[in-house]
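Below is one structure, written out as structure tokens; comments come after it.
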Amino acid sequence: MRSRWILVLVVGLLLAGCTSGGGSDSAKGRITLRFQSLAWQEESVTANKELVKEWNATHPDVKVEYVQGSWDSVHDQLLTSFEGGEAPDIIHDASDDLADFAYGGYLADLRDLLPDRLKSDIPQRSWETATFGDGIYGVPFLQEPRVLIANATWLKRAGVRIPTPEHPWTWPEFRTVTRQLSGDGKYGVAWPLKEPVSATLNLSLSAGGELFHQGADGKVTVRFDEADQVVPRTIHDQADVDHSASPTTLGSGGSDTLPGFFGGKYAMVPLGFSYRQQIVQQAPKGFDWQVLPAPAGADGLTQGVSPQTLSIAQDSPHKKEAAAFIDFLLQPKNMVRLALGDWMLPTGTGALKDPALHTTKDDWSTGTALATDLTSAPAQSVRGYPEWKDKVATPAFQEYYSGAITLAELRKRLERDGNSVLARYQR
């Protein structure tokens, strides 16, 4: 009896092996690529999954598996997966998160992998956001300017000049307007500066601010010059001198300001262009809002951005196939779908011409008009920037905006303490 059960068990295992082997044989030679996406808005997730499905339907030998990631934890998650040899083949991230991975050898240099069509479609100023050393380690494909979301009714009643991309406010004019719009417990602007560094540095480019300066020896130092001070001084004076900026929102995130904005407490809120989706979904019926360009300085509307990117893991055994999928995903018509899903702007010149991005509905045309003014964020390739931002710049800017320290003390901390941090990464 025992021998009979052993025989049955062996036969069963053999049959099971034949069945399993049949499935493997039918898929023999088929490549599977793992694509980790950070899309989170429903429209964006849908667009990404639809494009993956369309690829799989037309590429039977190269299957793409959609993997959902999260912006909240992507850096640590990727670092763990790289070190554990389990990184996805195709990686969705942001350009300001790539430096450590690029210099650490975790990402593939894309220069010889991408087709000429894609290289020429995306402007050089966008490629610079993903260039580290001599290599390109990500394809920048979505970006968003920081704009002013305004209560249109409030501005019309006040009779202030409405800025356009062709005739924006200057920074001094912006300060004057916010004073005119304030009073009786209401404020002309609410600055959501829970994360003050990127907003300050990126907007400071309009005034000619650079902050990070590379010497002849290739080393980077922090210098907080007069041009770098225009934007932070404006924000500080609005909050602490004019009282035209709400002091309570300085420690808030963008979404935190929307209830007060809808409730008529603030006339304007500086936000990323993609916040329009939340406003469309959450604004009370009849609320009239509009998108205005951020103020301009000595360098016009120039603004720093850190685009969303697509990279390929250095350890991926199928880099050419991964690059082909990225090329498919970023065909102009597909890039438009991704942009509409995320309420952002595509980097590709072909996609930017699409009529869907030039409508007055939801002020798409205002954002698209700013696309040529977007350039690489100041700290894009600075080694040690994350530590400088977290340990030095963030607390220093927060204290300055709240009135706890002077402009001179802000400069001292950014330069003295900041250069001490950066020096450790450049020995």
Side-chain angles (χ1 to χ4, degrees), residues 40-47 144-169 173-194 199 238-239 242-295 336-337 339-345 354-371:
W40 63 276
Q41 300 185 94
E42 184 177 351
E43 296 169 73
S44 181
V45 172
T46 298
E144 62 174 332
R146 193 172 295 268
V147 295
L148 300 173
I149 307 292
N151 182 321
T153 303
W154 192 336
L155 267 60
K156 289 174 186 174
R157 287 177 181 169
V160 300
R161 183 179 76 82
I162 306 300
T164 64
E166 296 74 27
H167 301 286
W169 287 327
E173 188 179 6
F174 174 53
R175 182 181 169 189
T176 299
V177 168
T178 57
R179 278 201 305 264
Q180 293 175 338
L181 297 172
S182 302
D184 298 325
K186 297 183 178 181
Y187 300 93
V189 65
W191 283 97
L193 293 175
K194 184 178 181 180
Q238 286 174 322
D242 304 336
H243 304 293
S244 61
S246 168
T248 59
T249 64
L250 292 174
S252 302
S255 298
D256 300 329
T257 62
L258 294 183
F261 178 59
F262 297 144
K265 194 171 183 180
Y266 327 118
M268 293 178 283
V269 186
L271 293 169
F273 193 53
S274 63
Y275 272 88
R276 293 170 304 129
Q277 186 195 37
Q278 289 187 47
I279 293 169
V280 168
Q281 293 175 339
Q282 299 173 20
K285 187 176 182 180
F287 184 81
D288 189 13
W289 60 277
Q290 65 185 117
V291 174
L292 308 176
V336 171
R337 291 165 65 181
L340 292 172
D342 250 329
W343 289 65
M344 298 176 74
L345 301 178
D354 194 285
L357 302 176
H358 293 266
T359 63
T360 55
K361 186 178 185 300
D362 301 325
D363 282 350
W364 274 102
S365 57
T366 301
T368 305
L370 303 174

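If you're wondering where the values come from, they're calculated on a predicted model, not measured in any experiment.
Taking 4.5 Å as the limit, some side-chain heavy atom of L340 sits within range of a side-chain heavy atom of L357. With a 4.5 Å cut-off on side-chain heavy atoms, L258 and L271 count as touching. No side-chain heavy atom of T368 sits under 4.5 Å from any side-chain heavy atom of F273. Counting only heavy atoms from C-beta outward, the side chains of Y275 and S255 approach each other to under 4.5 Å.
Taking the side-chain hydrogen bond (donor to acceptor under 3.5 Å, both in side chains) definition, one finds that R146 meets it with nothing, sequence neighbours left out. Scored by the ring pair (Phe, Tyr, Trp, His ring centres under 6.0 Å) test, Y187 finds no partners at all (sequence neighbours excluded). With sequence neighbours left out, the side-chain contact (heavy atoms from CB on, under 4.5 Å) criterion links P295 to L148, W171, F174. Every residue two or more places apart in sequence or in another chain was checked for a side-chain hydrogen bond (donor to acceptor under 3.5 Å, both in side chains) with R157, and none qualifies. A294 pairs by the side-chain contact (heavy atoms from CB on, under 4.5 Å) definition with L203, Q303, not counting sequence neighbours. Every residue meeting the side-chain hydrogen bond (donor to acceptor under 3.5 Å, both in side chains) condition with S244, not counting sequence neighbours, appears here in chain and number order: T178. With sequence neighbours left out, the side-chain hydrogen bond (donor to acceptor under 3.5 Å, both in side chains) criterion links T164 to E166. In this structure F262 satisfies the ring pair (Phe, Tyr, Trp, His ring centres under 6.0 Å) test together with F287, sequence neighbours excluded. Under the side-chain contact (heavy atoms from CB on, under 4.5 Å) criterion, A150 pairs with L155, M268, Q290, L292, not counting sequence neighbours.
Applying the salt bridge (Lys or Arg N to Asp or Glu O under 4.0 Å) test to every pair with at least one member in residues 273-290, sequence neighbours left out, gives these pairs: K156-D288. Pairs engaging residues 355-371 under the salt bridge (Lys or Arg N to Asp or Glu O under 4.0 Å) rule: none recorded [sequence neighbours left out]. Sorted by first then second residue, the salt bridge (Lys or Arg N to Asp or Glu O under 4.0 Å) pairs that include residues 254-271, not counting sequence neighbours, number zero.
Between the side chain of R161 and the main chain of P168, a donor-acceptor pair closer than 3.5 Å is present. Listed for the S274 side chain is no donor-acceptor partner under 3.5 Å among the backbone atoms of D342.
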Apply side chain to side chain donor-acceptor pair (under 3.5 Å) to the pair Q278 and W343, showing each step before the final yes or no. CA-CA 10 Å; Q278 289 187 47; W343 289 65; over 6 Å; no

Would V189 and V269 count as a side chain to side chain contact (heavy atoms under 4.5 Å, CB included) if you check the C-alpha gap in whole Å, the side-chain angles of each, and the deciding distance to 0.1 Å? CA-CA 6 Å; V189 65; V269 186; over 6 Å; no

